Amino acid sequence: MPNFIDRRLNPKDKSLSNRQRFLRRARVELKRVINEKISTEKITDVDAGHAISLPVSGTSEPSFSPDRGTGRREYVLPGNREFVLGDRLPKPGAGGGAGAGKGGAADIELEDDFRFVLSREEVLDLFFEDLELPDMVKSSLKEAIAFKPRRAGFTTAGAPTNINVGRSMRNSFGRRIALRRPKQADLDAIADEIAVLEAEAKPSAVSSERLAGLRRDLEVLQRRRKLVAYIDPVDIRFNRFEPMPVPNANAVMFCLMDVSGSMGEREKDLAKRFFVLLHLFLKRRYERIDIVFIRHTHQAHEVDEETFFHSTQSGGTVVSTALEEMRHIIEERYPSRDWNIYAAQASDGDNLTGDSENCVNLLNNELMKLCQYYAYVEILDERESAIFRSTDNGTSLWRSYRLVGKNWRNFQMTRIAKPGDIYPVFHQLFAKQPKTAKSG
């Protein structure tokens with residue numbers, strides 16, 4: 001394995017190791033700020049650039065400076081009327097010096113924070129770090145929308161297969177008219193007259209002169225016809241194509257989440273990362289995406305994103321109410337013939353005794369027929385995750401949903417305890433598109 005040695009000299013008064021440490025500190029701070037923004041901003045705002053400010057105190061390089069409160073120093077001061085040689089000056093106390101005291105704060109100069117403007121790709125790079133996605137998937141999610149060529153007029157250069165015959169012949173016809181290219185019929189008429197005169201047994205002087213003139217005219221017309229080509233390179237036009245966004249069908253993404261007391265900030269943060277990842281995936285394939293947020297305890301309500309993630313609510317847990325609300329919204333606003341329907345549900349597995357069977361019936365008999373893809377994530381406590389994964393046990397909701405997964409290929413479920421556990425639920429979706437996808 002080769003070894004590379006960097007023998008480049010450091011710039012004047014700069015330390016390469018210090019710069020590297022600075023970049024590492026800045027990256028850690030940027031990642032912290034991005035994670036905070038993801039927790040507080042809308043799901044749709046993740047897929048965009050961000051301007052981030054970092055405090056100067058966290059980005060400065062270490063340096064040495066004398067302590068102004070101790071030691072003995074000599075100063076050279078300009079002349080003044082108050083002090084003479086030998087006078088002893090008191091040392092300034094803590095917070096002393098220029099600008100200290102009443103009203104001194106207004107004279108203190110403050111340094112501006114560092115401001116980083118991150119592109120969409122840089123924001124997604126920082127967001128993807130904890131999710132442990134494969135590089136191929138990261139590249140796929142960061143891709144721009146798909147394009148395909150569309151007709152966009154004509155051009156004078158291109159491939160032979162793109163020649164527009166109609167436009168080229170029209171240009172040729174106009175050029176021949178403008179340059180007065182002789183027609184073949186005119187040449188044939190002169191040739192026929194010459195043939196008649198040549199057929200005379202005893203041509204007169206007038207006929208001979210006429211014959212010579214016709215021959216000169218025929219030669220001029222033939223030469224002019226050769227000079228003015230029937231098709232010239234300046235006549236040829238090629239079809240011009242420009243990349244245009246592929247018109248995709250509309251999609252709606254349903255976000256369902258249990259907001260009872262058992263779902264804390266950690267669980268909601270993991271759920272939001274899961275929803276963001278699904279939204280990034282769908283945005284690459286659909287031009288318009290609506291997001292519907294349904295939260296539930298013992299009752300389910302459609303709410304806005306701020307309420308969905310940050311508003312607290314007390315009560316028990318009845319998961320079927322969220323599925324009923326989703327079905328009602330689909331019937332009212334998102335008919336499956338016009339919309340591609342995706343659903344993502346996050347829960348800690350708690351549910352009212354006996355309600356899990358109602359959830360299975362709703363999914364098997366109604367919702368799964370309408371959905372392109374349904375993903376369920378059960379958020380575990382980090383201390384218990386190893387125990388649950390080593391066995392096939394789990395909550396009653398988990399065991400019931402396993403029955404749905406056996407009947408529907410577009411139903412996926414997994415348990416997560418940290419951000420790196422989120423990707424496996426998307427593996428099948430990334431590998432192969434559902435066959436039931438519709439185009440609008």
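Fair warning: this is a prediction, and the values are worked out from it, not measured in the lab. For the single chain, residues carry numbers from 1 onward in sequence order.
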Could you work out, with side chain to side chain contact (heavy atoms under 4.5 Å, CB included) as the rule, every residue matching [X], not counting sequence neighbours?
| X | value |
| --- | --- |
| Q184 | L187, D188, R225 |
| D355 | V318, V319, S320, N351, L352, N358, C359 |
| S400 | S356, V360 |
| H328 | E332 |

Exercise. Using 4.0 Å as the upper bound for N to carboxylate O, is an ion pair formed by E302 and R295?
Worked result: no
Exercise. Between E219 and R223, does at least one N-O distance fall below 4.0 Å, as a salt bridge requires?
Worked result: yes
For this session: Mind checking salt bridge (charged side-chain N to carboxylate O under 4.0 Å, His left out) for R237 and listing every partner two or more places apart, or none if nothing turns up?
Result: none
Seminar exercise, completed: Sorted by chain and number, sequence neighbours left out, salt bridge (charged side-chain N to carboxylate O under 4.0 Å, His left out) with D235 holds for R175
Excluding sequence neighbours, so at least two apart, what forms side chain to side chain donor-acceptor pair (under 3.5 Å) with [X]?
| X | value |
| --- | --- |
| R181 | none |
| Q299 | none |
| D304 | T307 |
| D290 | R288, Y334 |

Does [X] reach the main-chain N or O of [Y] with its side chain, forming a donor-acceptor pair under 3.5 Å?
| X | Y | value |
| --- | --- | --- |
| N365 | N361 | yes |
| R240 | A152 | yes |
| S168 | N164 | yes |

Exercise. In terms of ring plane angle, is the pair F411 and Y401 parallel, tilted or perpendicular, where the classes change at 30° and 60°?
Worked result: perpendicular
Exercise. How far apart are the closest heavy atoms of F241 and P149, and which atoms are they?
Worked result: CB-CB, 4.1 Å
Exercise. How close do V404 and M368 get, heavy atom to heavy atom, and via which atoms?
Worked result: CG1-CG, 4.2 Å
Exercise. Can you check whether N239 reaches R151 side chain to side chain, under 4.5 Å on heavy atoms?
Worked result: yes
Exercise. Would you say L397 and D350 make side-chain contact, with heavy atoms under 4.5 Å?
Worked result: no
Problem set entry | Cationic tip of R176 above Y230 ring, under 6.0 Å, 45° of axis | yes
Problem set entry | Full working for salt bridge (Lys or Arg N to Asp or Glu O under 4.0 Å) between E198 and R215 | CA-CA 11 Å; E198 288 178 343; R215 286 174 176 170; 2.3 Å; yes
Problem set entry | Where at least one partner belongs to residues 317-329, residue pairs that pass salt bridge (Lys or Arg N to Asp or Glu O under 4.0 Å), sequence neighbours excluded | E324-R327, R327-E366
Show every donor-acceptor pair shorter than 3.5 Å between a side-chain atom in residues 251-260 and any protein atom, with sequence neighbours excluded, or say none if there are none.
from	atom 1	to	atom 2	distance (Å)
D258	OD1	S260	N	3.0
D258	OD1	S260	OG	3.0
D258	OD2	S260	OG	3.1
S260	OG	S262	OG	3.2
S260	OG	T317	OG1	3.2

Problem set entry | S347 vs Y376, side chain to side chain contact (heavy atoms under 4.5 Å, CB included): CA-CA, chis, key distance, verdict | CA-CA 8 Å; S347 173; Y376 170 71; 3.9 Å; yes
For this session: Using the side chain to side chain contact (heavy atoms under 4.5 Å, CB included) rule, take Y374 and M413 through it: C-alpha gap first, then chi angles, then the decisive distance, then the call.
Result: CA-CA 8 Å; Y374 194 108; M413 56 189 296; over 6 Å; no
Exercise. Can you check side chain to side chain contact (heavy atoms under 4.5 Å, CB included) on M169 and V165, steps first, answer last?
Worked result: CA-CA 6 Å; M169 294 305 298; V165 178; 4.1 Å; yes
